[in-house]
Amino acid sequence: MSSTNSTKFFDLFNNVDEYKQTICSKVIDVIRTSNRLAIENFDQIMTIDSCHDKINKLSERILNRIYQIKSHIQSSNWDQLDLDEKIEQLIDINDTLFEQIASALDEADGIKKSPVSTVVRQVLIKPQLKFKHKIDNSTIIPFIPKIRIKPNAVTPLPMIMMQMNFEPIDLDLLEKHPEILDHPYFDEISAFEPDEMLLKKIEPQFPKLIEETKYLFVDTIDKLKIMMDHIEIQFELAVDLEHHSYRSYQGFTCLMQISSRTEDFLIDTLTLRDELSILNNVFTNPVVLKVFHGADWDIEWLQKDLGIYIVNMFDTHQAAKELNLPILSLAYLLKTYCNIDASKQFQLADWRIRPLPKEYCRYAREDTHYLLYIYDRLRNQLLDLNENNSELLRLVYTKSKIICQKLYKKPIFDKNAYKVLYLKSHKTTFDGSQLAALKLLYAWRDRIAREEDESTSYVLPDLMLIHLAELLPKDIQGIRESCKLVPELVEKNLEEIHQLLIQAIEKPLLQSNHEELNLDESLQNKRSISSSNTNISTGSLLNNDNKRAKLVTEK
Ligand code: AMP
Ligand code: MN
Ligand code: ZN
């Protein structure tokens with residue numbers, strides 16, 4: 001990122017907005033250019049002397065700058081980390097920096113008058129506060145499927161679910177009727193087989209330009225009806241979602257994109273959150289094909305937020321895999337088949353913002369607008385590869401079925417997960433008190449994140465958590481100082497954190513608790529949980545993808 005000399009800030013730019021726009025477009029340029037680099041030819045490029053020299057010089061500058069930023073934020077044993085861990089740390093540092101930048105910009109905007117850096121920034125009201133059904137992050141009550149009627153059923157919905165209230169959830173009832181927690185469309189998905197018509201070659205249909213395509217932003221019941229009238233008569237639809245996970249414990253779906261062969265729809269899933277199960281009429285209809293790209297998360301988000309299930313899905317990501325394409329991303333497919341440069345930097349935009357800015361709408365539409373055409377091309381290619389035998393195509397449908405059968409589960413709290421964080425931090429010299437502090441802070445962070453409906457990284461980033469446990473500050477001012485930029489919820493709970501740290505000093509963890517066996521066990525846990533792909537924001541065991549989601553700017 002370009003460094004901005006703060007004294008020149010207002011000499012160069014007329015106002016904060018102009019500054020923000022300039023910086024933003026520069027960042028976008030950089031991302032766009034770096035996305036264009038042909039990574040697969042990297043080794044070849046490096047054999048050209050002039051390129052080699054330039055790239056090496058540039059890498060050195062970037063690394064130096066990163067190192068400067070890093071040492072400014074927190075001292076850590078950088079050299080001991082492997083590449084993945086360095087990337088994770090950088091992401092954490094980025095988060096902290098973005099928070100600082102957003103905070104400073106608020107101040108310049110006049111939103112925040114106080115010179116104290118810890119004042120709560122509440123520019124954006126959390127949309128989940130307006131949800132009709134309050135989000136339940138408790139560890140006691142599991143996630144209950146939101147569905148109360150079941151269109152296109154082969155096996156009827158358990159009677160009990162038709163009569164059940166959303167709130168309050170009766171735990172005895174769950175014990176008596178464990179089938180409530182089952183996947184409501186498991187049998188329908190198992191029974192689904194693609195029609196022979198779907199297994200033959202077709203003439204690919206390239207869509208009209210986005211500018212010439214009919215488009216509707218659906219944020220009222222009336223518009224939803226207009227959309228339903230159109231999609232109920234289609235045989236193929238492309239679908240995608242945008243999700244937010246930084247200012248929420250379990251995350252929530254902000255937008256749904258649907259494209260037919262002729263029209264695009266963007267659905268405001270924040271305002272229509274409780275109205276969209278009507279889409280099950282089409283989405284569980286085995287006669288209508290739904291095309292997604294990389295649907296793993298979408299399938300879970302649809303269940304979690306909207307009570308929607310999918311029967312008859314084709315995942316273009318799975319198709320790209322079967323075809324052994326060199327890159328499996330949608331951006332690559334868009335470029336290869338449609339010559340479209342997707343502005344993928346919006347992937348991590350703040351999708352909660354309303355009204356949704358024009359560029360966001362444009363990007364969101366691109367995600368589904370060309371997808372049916374890409375599907376046509378992949379379908380033909382899968383048939384070509386096997387001399388018109390439909391085996392590979394069937395395999396893609398089978399893999400897509402497995403994805404559709406995924407069941408959303410609320411993240412559990414793993415009391416051993418702090419050990420994973422400890423291992424990843426490479427701080428091998430923690431004594432009993434430091435380990436006790438780590439364990440207590442880790443559990444505190446998860447509890448606060450659930451209560452306040454925030455991600456654990458928003459409550460207290462991993463790096464800061466480790467740092468606090470390492471330093472064991474003796475008083476409240478010491479806690480503030482060891483955080484540099486004090487997160488809102490740390491400031492709010494300073495006294496409690498102080499008490500936890502005292503407790504840790506007084507009651508160190510016995511070293512025997514940390515013998516290798518236990519560490520092995522926690523690593524084992526880590527593997528099993530992350531491979532199930534269900535703990536979207538436990539924070540405890542964030543994978544890189546979730547970590548990356550935190551880069552979302554708060555403004
Ligand atoms: P997409 O299907 O690419 O439009 O992505 C859907 C949603 O997944 C986005 O709105 C983000 O919430 C999340 N997401 C996508 N890519 C990433 C990533 N690289 N890291 C973290 N979250 C991501
Ligand atoms: Mn997607
Ligand atoms: Zn998308």
Side-chain angles (χ1 to χ4, degrees), residues 31 34-35 84 87-88 90-92 94-95 98 127 210 237-259 264-270 290-302 304-306 308 310 313-320 327-335 340-353 356-357 359-372 374-375 400 403-404 406 408 455 457-458 530 533 535-539 541-554:
I31 296 173
S34 70
N35 282 345
D84 276 352
I87 289 172
E88 259 182 48
L90 271 179
I91 289 165
D92 267 353
N94 252 321
D95 285 347
F98 273 127
I210 291 205
L237 295 168
V239 185
D240 187 39
L241 301 177
E242 303 304 330
H243 187 260
H244 178 85
S245 60
Y246 185 52
R247 299 297 311 273
S248 150
Y249 190 76
Q250 298 179 69
F252 49 84
T253 304
C254 299
L255 194 74
M256 187 192 301
Q257 302 100 292
I258 301 180
S259 292
D264 295 333
F265 301 91
L266 295 184
I267 308 165
D268 185 343
T269 52
L270 297 176
K290 276 73 58 177
V291 178
F292 284 71
H293 181 85
D296 294 71
W297 292 110
D298 304 61
I299 290 296
E300 294 198 17
W301 296 338
L302 284 169
K304 164 170 72 78
D305 296 317
L306 312 170
I308 293 176
I310 306 287
M313 193 261 280
F314 183 98
D315 189 329
T316 49
H317 177 255
Q318 294 300 328
I327 301 174
L328 306 178
S329 69
L330 180 61
Y332 175 80
L333 299 182
L334 280 168
K335 183 70 194 164
I340 298 283
D341 289 304
S343 341
K344 269 293 171 187
Q345 71 275 9
F346 284 105
Q347 211 169 31
L348 298 178
D350 190 339
W351 290 100
R352 300 170 303 165
I353 295 170
L356 203 59
E359 344 42 297
Y360 285 42
C361 292
R362 165 85 195 196
Y363 162 81
R365 286 178 68 186
E366 276 179 359
D367 263 1
T368 52
H369 183 78
Y370 303 94
L371 200 56
L372 288 174
I374 291 175
Y375 151 75
S400 304
I403 296 172
C404 291
K406 286 182 76 165
Y408 176 73
S455 66
S457 348
Y458 178 77
S530 47
N533 241 355
N535 59 330
I536 175 126
S537 62
T538 52
L541 304 157
L542 284 171
N543 58 30
N544 269 341
D545 271 5
N546 289 334
K547 283 272 196 179
R548 254 172 260 131
K550 300 187 302 155
L551 288 174
V552 169
T553 51
E554 281 304 298

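For the single chain, residues carry numbers from 1 onward in sequence order. The figures that follow rest on heavy atoms only: side chains count, while hydrogens, waters and symmetry mates do not. Ligands are counted one by one from 1 in listed order, and the atoms in each one are counted from 1 as well.
- Proximity to L241 (heavy-atom distance under 4.0 Å) selects the following atoms of ligand 1: 4 (O), 6 (C).
- At a 3.5 angstrom cut-off on N or O pairs, H243 counts as close to ligand 1.
- To the nearest 0.5 Å, atom CD1 of residue I258 and atom CG of residue L241 are 9.0 Å apart.
- Atom CZ of R247 sits about 8.0 Å away from atom OG of S455, to the nearest 0.5 Å.
- Atom numbering of ligand 1 starts at 1 in the shown order; those under 4.0 Å from a heavy atom of D240 are 2 (O), 4 (O).
- Using 4.0 Å as the threshold, L348 has a heavy atom nearer than that to some atom of ligand 1.
- Here the straight-line distance linking atom CG of L333 with atom CD1 of I327 works out to 9.5 Å at 0.5 Å rounding.
- Taking distance alone, with nitrogen or oxygen atoms compared against 3.5 Å, H244 stays at or beyond that limit from ligand 1.
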**Report entry** side-chain contact (heavy atoms from CB on, under 4.5 Å) between I403 and Q318, worked out
**Finding:** CA-CA 10 Å; I403 296 172; Q318 294 300 328; 3.5 Å; yes
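- Counting the atoms of ligand 1 from 1 in the order shown, those under 4.0 Å from a heavy atom of Y363 are 4 (O).
- Closer than 2.8 Å to the Zn ion (ligand 3) sit the protein N, O or S atoms D240 OD2, E242 OE2, D367 OD2.
- Around atom 7 (C) of ligand 1, the closest heavy atom drawn from W297, W301, W351 belongs to W301.
- Contact annotation for D298 and ligand 1: no heavy atom of the residue comes within less than 4.0 Å of the ligand.
- The only option from L266, D268, D240, L306 that meets the side chain to side chain contact (heavy atoms under 4.5 Å, CB included) definition with M256 turns out to be L306.
- Without hydrogens or angle criteria, T269 side chain to T253 main chain gives a donor-acceptor distance under 3.5 Å.
- Applying the 4.0 Å criterion to heavy atoms of D367 picks out, from ligand 1, the atoms 4 (O).
- Put simply, D240 gets within reach of the Mn ion (ligand 2), with an N, O or S atom under 2.8 Å from it.
- In the candidate list H317, E242, Q347, Q347 is nearest to atom 16 (N) of ligand 1, counting heavy atoms.
- Between the NZ atom of K290 and the CG atom of D315 there is a distance of 14.0 Å, given to the nearest 0.5 Å.
- Note that CG of D296 and NE2 of H317 are 8.0 Å apart. Values are rounded to the nearest 0.5 Å.
- In this structure, Y246 falls outside the shell of residues with a heavy atom less than 4.0 angstrom from ligand 1.
- Within the 4.5 Å cutoff, the side chain of Q257 has no heavy atoms near those of the E366 side chain.
- Using bins of under 30°, 30° to 60° and over 60° for the plane-to-plane angle, the ring pair W351/Y360 lands in the perpendicular bin.
- Residues F252 and L270 meet the side-chain proximity criterion, which asks for heavy atoms closer than 4.5 Å.
- With rounding to the nearest 0.5 Å, the separation of CG in L255 from NE2 in H244 is 14.0 Å.
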